[in-house]
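Naming convention: chains lettered A, B, ... in sequence-line order (proteins, then strands); numbering from 1 in each chain. Just so it is clear, the values below take in all heavy atoms, side chains as well, and ignore hydrogens, waters and symmetry mates.
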Protein chains: 2
Amino acid sequence: MALEKALDVFWEHGYEGASIASLTEAMGISGKSLYAAFGSKEELFLAVLQRYEQGPGAYARKSVLAPTAREVARTYLEGAVRAGTQPGRPAGCLGVRAALAVGVTGQAVQAILTDWRAANHAALRERFQRAIDEGDLPADADPEIIARYLTTVADGVSVQATGGASAKALQRVVDVALLHWPPA
Amino acid sequence: MALEKALDVFWEHGYEGASIASLTEAMGISGKSLYAAFGSKEELFLAVLQRYEQGPGAYARKSVLAPTAREVARTYLEGAVRAGTQPGRPAGCLGVRAALAVGVTGQAVQAILTDWRAANHAALRERFQRAIDEGDLPADADPEIIARYLTTVADGVSVQATGGASAKALQRVVDVALLHWPPA
DNA sequence: AGATTTCGGCATCGATCGATGCCGAAACGA
DNA sequence: TCGTTTCGGCATCGATCGATGCCGAAATCT
């Protein structure tokens, strides 16, 4: 699928670093077809982001469905490792890499990805609040700080993977992060 | 100092996102003076990176001088929080933000920053190896994994700060990360 | 004060950016 | 087989990229 190829380009080079020429070459279509199908570079990126959420990034949505808070945390962090170290695909997380620093033309996409990461955090926080209500986590646990800790580690995993850290090394980091539960 | 202004621009917008026009405007000098003083955009960035290491990023170099491994970890993570949430300055870490995803013109700088982060990791690992030799850490501790855990959390702190997380929230994340020591 | 040097403002270089119009070839239906 | 339609290759748009040369004003030295 052409969208999957575009995903790899955005994932590897970020929003502004991915040129239309590099996108059309990877997708195997012409510039005219690209604009006829997606309208603009930004709309193409939005379509790619949806694709990412349902593919490599699906672990975030699935993790909150785990039966226990402990399993939520484990599936979330291990999903981040797996998605960020797939052989033959770009390293790290699209949402972290693509727009951490941008010029003037990328500010809209940067805001979108910032919201995207914030939504991930909010979903985890709400899941841990439910765990408290169900007695799965202690009543004095703080769902905000637990969720923040997990998203911070996951973001760090993405940066480490981008820098070339191996899946094995990052899995050990995740094991360390999950040694004590609840973490606070 | 003009270098400090250039640092803020690269810090906020990354290497490719920082245009010469935005740099000269922030530095208050002309393009001609910029090239006379630094030679090229890439050489200017290298000078900025050195400045960053001795200013906001100095915590990394200082932390390994702490007397105990525990204090090394604490000063390192708290330094990452403080440097990444300074009011009136760009959020996060220059080394993480500036070149996580780049086009063709930024690959050299991307490699430089990847090496820079790897050097941080190596310095921590060597410090923890020394702690093991001195009996400050258990003989069966793994300096590689402990250092990797800390750099991963610090990288995550940088991403979180870029996304708008507060210093207080990130300090609590660091407290959680340091609750158990050694972490593994 | 006059001569010399230094440096910033401006215009501009070739290249590339995202985006679009033109045009010929291929595919489809009658 | 002919007429119609769709779509990709190509050239090009204005804007901006990093980088440079020109030229006049300000500062320095004798």
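Regarding A/Phe38, its CZ atom lies at a distance of 18 Å from the C1' atom of C/dT20, rounded to whole Å. One interatomic measurement links the two molecules: NE2 of B/His13 to P of D/dC17, which rounds to 12 Å at whole-angstrom precision. B/Lys41 has its NZ atom 15 Å from the P atom of D/dT16, to the nearest Å. At whole-Å resolution of the value, CZ in A/Phe10 and P in C/dG18 are 9 Å apart.
Not counting sequence neighbours, the partners of B/Arg172 by the side-chain contact (heavy atoms from CB on, under 4.5 Å) test are A/Asp142, A/Ile145. Considering only residues two or more places apart in sequence or on other chains, A/Asp115 meets the side chain to side chain donor-acceptor pair (under 3.5 Å) condition with none of them. Looking at residues two or more places apart in sequence or on another chain, you find a side chain to side chain donor-acceptor pair (under 3.5 Å) between B/Thr151 and A/Gln160. Every residue two or more places apart in sequence or in another chain that forms a side-chain contact (heavy atoms from CB on, under 4.5 Å) with A/Ser19 is listed here: A/Ala21, A/Ser22.
For DNA chain D, the residues of residues 16-32 of chain B within the heavy-atom distance limit of 4.0 Å (strictly under) are B/Ala18, B/Ser19, B/Ile20, B/Lys32, sorted by number.
Using a 4.0 Å cut-off, no side-chain N or O of A/Tyr35 falls inside it from OP1 or OP2 of C/dT20.
Other residues, nucleotides and ligands contribute only 12 or fewer heavy atoms inside 6.0 Å of the CD atom of A/Glu25.
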Distance-only donor-acceptor hits, side chain of residues 45-58 of chain B, under 3.5 Å, sequence neighbours excluded:
| residue | atom | partner | partner atom | Å |
| --- | --- | --- | --- | --- |
| B/Arg51 | NE | B/Glu4 | OE1 | 2.7 |
| B/Arg51 | NH2 | B/Glu4 | OE1 | 3.3 |
| B/Tyr52 | OH | B/Leu94 | N | 3.3 |
| B/Glu53 | OE2 | B/Trp116 | NE1 | 2.7 |

